[in-house]
Trainee: 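This is the structure, below, for whatever I ask next.
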There are 2 protein chains.
Amino acid sequence: MLYAGFMSAAPPSAPTPPEPVEPPQLLKLGLDDEPCLRADAARNRARLLEAAAGLVAARGADAVTMEEVAAAAGVGKGTVFRRFGDRTGLLMALLDHSEKKLQAAFLNGPPPLGPGAPPAERLRAFGRAALRRTVEDLKLQLAAEPDAGRRFTVPPYRVRHHHVALLLRQAVPDADCDVLAHTLLAQLDPALIHHLMHQCGMPPQRLEDAWADLVDRITGTPA
Amino acid sequence: MLYAGFMSAAPPSAPTPPEPVEPPQLLKLGLDDEPCLRADAARNRARLLEAAAGLVAARGADAVTMEEVAAAAGVGKGTVFRRFGDRTGLLMALLDHSEKKLQAAFLNGPPPLGPGAPPAERLRAFGRAALRRTVEDLKLQLAAEPDAGRRFTVPPYRVRHHHVALLLRQAVPDADCDVLAHTLLAQLDPALIHHLMHQCGMPPQRLEDAWADLVDRITGTPA
DNA sequence: ACACAATGCGGACCGGGGTCCGCTTTGCAG
DNA sequence: CTGCAAAGCGGACCCCGGTCCGCATTGTGT
């Protein structure tokens, strides 16, 4: 089972009932995939995703308005927000599929990305894979970036961080791997990728090389 | 002369006159300090900053509305935006003084922060200084964070990047220092600091240590 | 002193994200 | 099949950041 299909439903959760009991699973890194939506809700959710995907593809993410998406899906604005929480939530849901594929690859897939290869090599592979996936649809990825306050709490980031920190602990046990993992991940930030590629004109290859070099320096494992 | 007092005025610049001639200074990393504001404009600017500072101190940056600031300064809303471009611009202006002090310190100040010490040591000092300054008023710093699209183009960031890249080139000539500098700087990002301190409960000291360790690993200079 | 650009001013206005609440739909229990 | 709570719906509404444009203030050249 995968860690996280993120933001598939239930963003705000009922406010008044203080806490039913909280099922005994701490640090559940991702969110449940579909907490049993009611029939109509599920249908609307699908329609919304389809409509959103269409509009985004046609006109670019940041030229699309929430109200438009709602209208295109034949649904009220409130429904969009109830289902996806906020604009970022909707955009992230659009990326969910591809993100889950990547997660599957580095959690359970074949080496060198998945288990079986030495940690440093897995790290290198991870960066390469993540980088390529990000470059694929940078624009959307960029538009989906949550505001500064939540960048590090959003499930997909947490999964990546958890993974990288784990590998780091194996590769360099004598370091502050939790912090270091954030630093590594920063080099995969869509906003940075965008800046380096579109404003500084760097080719993707250079970014991949820089990642590999960084991993080498940190793990002290020169390939 | 310092590099950058950022966003002191003239955010949009006239649209119709295509380009007067563009004075022959490329890559002027910061913006001019005060391009000779008209008397009333200067007065209003000062009032606005004072009002903003007061409100922010009293109620926290993100509970303050642009209209409120304008009102408190006895000025129209339009004036705020003309002077500071947007909300982020105003908030950044509030931080300008402290940022300029830091800049002065690492550009012209005494070693180990300023010129005179070996690059790796200057890097360590830089991180420590930047970290402390950021922790000082994290909240404001966080609220002033520009949106993802501009994080890396905003003058203060560019100055820091330029500086770190320079030191890196001296310390590790055989690396992609431009990219590496971004990675280093990511560890000083207010949003990350906030996350690590307030959501993960790390003490500031740990962040300073992590920075020092990172610099050591990258420069290969174990203090 | 005066005229007249240029610069700045301010508040009405707009658009879009997010909320709210009375109504409808669903689906389960009997 | 029916009744009834719970879950979902939707669009009017609010709020705030950002824009616009006719009017007022400067300060400069004569």
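Keep in mind that the numbers below use all heavy atoms, side chains included, and drop hydrogens, waters and symmetry copies. These figures come from a predicted structure and were not determined experimentally. Letters A, B, ... are given to chains in the order of the sequence lines, protein chains preceding strands, and every chain is numbered from 1.
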Trainee: Write down the distance between CG (B/Leu48) and P (C/dG8), rounded to a whole number of angstrom.
Mentor: 14 Å
Trainee: Under 3.5 Å, sequence neighbours excluded: what are the donor-acceptor pairs made by side chains of residues 62-73 of chain B?
Mentor:
unit_1  : atom_1 : unit_2  : atom_2 : d
B/Glu68 : OE1    : B/Arg59 : NH2    : 2.8
B/Glu68 : OE1    : B/Thr65 : N      : 2.9
B/Glu68 : OE2    : B/Arg59 : NH2    : 2.8

Trainee: Any side-chain N or O of A/Asn44 less than 4.0 Å from the OP1 or OP2 oxygen of D/dC9?
Mentor: yes
Trainee: Could you state the CG-P distance from A/Leu91 to C/dG18, rounded to the nearest angstrom?
Mentor: 11 Å
Trainee: When the distance from CZ of A/Arg83 to C1' of D/dG10 is rounded to whole Å, what number comes out?
Mentor: 13 Å
Trainee: Does any N or O in the side chain of B/Arg122 come within less than 3.5 Å of the main-chain N or O of B/Phe106, such that one atom is a donor and the other an acceptor?
Mentor: yes
Trainee: Do the ring planes of B/His194 and B/His198 sit parallel (below 30°), tilted (30 to 60°) or perpendicular (above 60°)?
Mentor: perpendicular
Trainee: Taking the six-membered ring for Trp, are A/His182 and B/His195 parallel (under 30°), tilted (30 to 60°) or perpendicular (over 60°)?
Mentor: perpendicular
Trainee: Each nucleotide in nucleotides 11-18 of chain D should get exactly one letter: B, S or -. Can you fill that in based on protein heavy atoms under 4.0 Å?
Mentor: B----SBB
Trainee: Going by the side-chain hydrogen bond (donor to acceptor under 3.5 Å, both in side chains) test, name the single residue among B/Gln103, B/Arg133, B/Glu136 that passes it with B/Ser98.
Mentor: B/Arg133
Trainee: Run A/Phe84 and A/Leu49 through side-chain contact (heavy atoms from CB on, under 4.5 Å) and show every step you take.
Mentor: CA-CA 10 Å; A/Phe84 297 100; A/Leu49 283 175; 3.9 Å; yes
Trainee: For a quick test of reading the model, state the closest non-hydrogen atom pair linking B/Leu102 to B/Ala129 and the distance between them.
Mentor: CD1-CB, 3.9 Å
Trainee: So, A/His163 side chain and A/Leu123 main chain: donor-acceptor pair closer than 3.5 Å or not?
Mentor: no
Trainee: Classify every nucleotide of nucleotides 22-30 of chain C by which part a protein heavy atom approaches to under 4.0 Å, writing B for the base, S for the sugar-phosphate alone and - for neither, in 5'-to-3' order.
Mentor: ---BSS---
